[in-house]
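If you're wondering where the values come from, they're calculated on a predicted model, not measured in any experiment. Proteins get letters first, then strands, A, B, ... in listed order; numbering begins at 1 in each.
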Amino acid sequence: MPELPEVETVRRVLEERLKGSTITAYELGRPTFYRRPPKAALAGLVGSTVEGVRRRGKYLILLLSGGKSLTLHLGMSGRVCLGGGGAHLRFRLVLGDAVVCFHDARRFGRVGCKLPRLGCEPLEPEFNGPSLFRALRARRAPIKAALMDQGIVAGLGNIYATEALFAAGLRPGRAAGSLSGADCARLAGAIKKVLSSAVALGGSTLADEAYRDPLGRAGGFQERTCVYGRTRGRCGHALKATRRPIAGRTSLYCPVCQR
DNA sequence: ATAGGCGCCTGTAAGC
DNA sequence: TGCTTACAGGCGCCTA
């Protein structure tokens, strides 16, 4: 599912391909099927030039001329494709010769939404052991739920929260506020390491093929996971699932390596 | 303010 | 073989 590394991979391709292009038309998918983007988000779209593509957490932001911008969220199954058609078309942008399609089978994605309050960008320097410790100290929720809370850290979902907790040797069910400064330093480092390695590999394309970059290329991180999607950990130990799901998600961990 | 649960969705896979 | 059911999960909203 598109998390920070997948969205960042999409961002890089879009920025490279679209920067400097002017939007000549757009098209909405079946409006009875997909909720219409807010009118204000579409106003003045045609004629605007793409000045850059940003990412904030799991949100993509097209920066447009005239101080405008257009946000995209891929949700669970959203895919951005350069050119071509395909099923489940939600939104299409035409920029001269270039065409960008947003396909969204499960309809959890968003176009033109307002950004909610988001926490730290985990790959920025302001995210570190001390800032993570401050953000978690008063929390009683399980650490994994806190990591997937976009208002605390922006961009982590089930895959990368699971992998980061393994890398830091922490169990997903542990109360967030019980982590020491040293735990937080280790965890912040693990998050940066896992995310940057996943970005370098172009994200994760799982068995369901839900994610591919805008040129149709699969990611490579799924082959490097230690825990997620495995029955036996990369460490060689049998993995366990927490007795109850955390934040509604099955949560795998290694009972030997994670304490 | 925080935490937990539900509903939204459909494609895939497992189960009978 | 063909049907039904469970599961996947990001996020907004609701309640306590």
Side-chain angles (χ1 to χ4, degrees), chain A residues 1-10 29-38 41 55-61 71-80 86-91 102-119 121-122 132 134-165 172-179 195 198 203-212 218-219 221-222 225 227-231 239 241-252:
Chain A
M1 318 315 143
E3 302 178 29
L4 185 151
E6 290 77 32
V7 178
E8 175 63 19
T9 304
V10 172
R30 265 168 56 199
T32 49
F33 203 60
Y34 292 110
R35 208 163 47 139
R36 239 188 119 80
R55 179 191 56 74
R56 178 79 172 96
K58 301 176 192 171
Y59 292 82
L60 279 170
I61 307 159
T71 57
L72 294 176
H73 193 289
L74 303 180
M76 273 290 297
S77 59
R79 263 169 75 169
V80 176
H88 308 296
L89 178 74
R90 177 169 203 148
F91 187 63
F102 180 22
H103 304 281
D104 187 15
R106 275 173 238 185
R107 297 199 254 169
F108 283 0
R110 275 153 200 270
V111 178
C113 54
K114 253 184 75 177
L115 287 193
R117 280 197 176 72
L118 295 168
E121 276 298 320
L132 183 60
R134 280 194 302 278
L136 296 181
R137 71 198 304 176
R139 302 278 181 154
R140 274 179 295 181
I143 179 61
K144 186 168 169 228
L147 291 184
M148 289 193 293
D149 182 337
Q150 304 300 300
I152 298 178
V153 189
L156 292 173
N158 201 14
I159 300 173
Y160 298 107
T162 296
E163 292 299 312
L165 285 168
R174 208 167 132 189
S178 76
L179 268 62
L195 289 179
S204 301
T205 299
L206 306 177
D208 64 8
E209 291 278 323
Y211 167 75
R212 285 192 172 247
F221 189 79
Q222 68 284 352
T225 60
V227 178
Y228 188 91
R230 305 174 68 104
T231 48
L239 300 175
T242 53
R243 198 158 205 84
R244 292 183 188 180
I246 296 172
R249 282 146 200 97
T250 51
S251 296
L252 283 180

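- Residues satisfying the side chain to side chain donor-acceptor pair (under 3.5 Å) criterion with A:Glu8, sequence neighbours excluded, are A:Arg11, A:Arg12, A:Arg55.
- Within residues 140-159 of chain A, the residues approaching DNA chain B are A:Arg140, A:Ala141, A:Pro142, by heavy-atom distance under 4.0 Å.
- Scanning DNA chain C 5' to 3' for nucleotides with an atom closer than 4.0 angstrom to a non-hydrogen atom of chain A gives a first and last hit of C:dA8 to C:dG12.
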Please tabulate, for the side chains in residues 135-148 of chain A, all donor-acceptor contacts under 3.5 angstrom to protein atoms that are two or more places apart in sequence or on a different chain.
residue	atom	partner	partner atom	Å
A:Lys144	NZ	A:Asn158	OD1	2.6
A:Lys144	NZ	A:Ser251	OG	2.6

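- Contacts between residues 104-113 of chain A and DNA chain C, counted as heavy-atom distances below 4.0 Å, involve A:Arg106, A:Phe108, A:Arg110.
- Take A:Phe108 and apply the side chain to side chain contact (heavy atoms under 4.5 Å, CB included) test, not counting sequence neighbours, and it matches A:Met76.
- Of all heavy-atom pairs between A:Ala105 and A:Tyr34, the closest is N-OH, 4.4 Å.
- Rotation axes derived from the C1' atoms of the five outermost pairs at either end of the helix from B:dT2-C:dA16 to B:dC16-C:dG2 lie 50° apart, to the nearest 10°.
- Checking A:His73 against A:Thr250, the closest nucleotide of DNA chain C that is more toward the 5' end is the one next to A:Thr250.
- Applying the side chain to side chain contact (heavy atoms under 4.5 Å, CB included) test to A:Thr71 and every residue at least two apart in sequence or in another chain returns A:Ile61, A:Cys113, A:Leu115.
- The backbone N or O of A:Arg244 lies less than 3.5 Å from a partner atom in the side chain of A:Thr242, making a donor-acceptor pair.
- Using a 4.0 Å heavy-atom cutoff across all strands shown, A:Phe33 reaches sugar-phosphate atoms only and no base atom.
- One atom, CZ of A:Arg30, and another, P of B:dC9, lie 12 Å apart when rounded to the nearest Å.
- Per the geometry, CZ belonging to A:Arg137 stands 14 Å off P belonging to B:dT2, to the nearest Å.
- Scanning for side chain to side chain contact (heavy atoms under 4.5 Å, CB included) contacts around A:Ala41 gives A:Pro38, A:Leu70, with sequence neighbours left out.
- Take A:Tyr160 and apply the side chain to side chain donor-acceptor pair (under 3.5 Å) test, not counting sequence neighbours, and it matches A:Glu6, A:Ser204.
- Both A:Asp208 and A:Arg139 lie near DNA chain B, and the one whose nearest nucleotide falls closer to the 5' end is A:Arg139.
- What separates CE of A:Met1 from C1' of B:dC9 is a distance of 13 Å, to the nearest Å.
- Nucleic acid contact for A:Tyr228: sugar-phosphate only, since backbone atoms but no base atoms lie under 4.0 Å from a heavy atom of the residue.
- Screening A:Arg90, A:Arg30, A:Arg110 against A:Asp104 for a salt bridge (charged side-chain N to carboxylate O under 4.0 Å, His left out) leaves a single residue, A:Arg90.
- Inter-residue side-chain proximity for A:Leu132 and A:Val153 is flagged as met; some heavy-atom pair is nearer than 4.5 Å.
- When the salt bridge (charged side-chain N to carboxylate O under 4.0 Å, His left out) test is applied to A:Arg79, no partner is found at least two apart in sequence or on another chain.
- Between A:His88 and the phosphate of B:dG11, there is a side-chain N or O to OP1/OP2 separation shorter than 4.0 Å.
- Annotation: salt bridge (charged side-chain N to carboxylate O under 4.0 Å, His left out) contacts of A:Arg56 (sequence neighbours excluded): A:Glu121.
- Not a single donor-acceptor pair under 3.5 Å links the side chain of A:Gln222 to the backbone N or O of A:Leu206.
- Listed for the A:Gln150 side chain is no donor-acceptor partner under 3.5 Å among the backbone atoms of A:Gly57.
- Base contact: A:Met76 has a heavy atom under 4.0 Å from a base atom.
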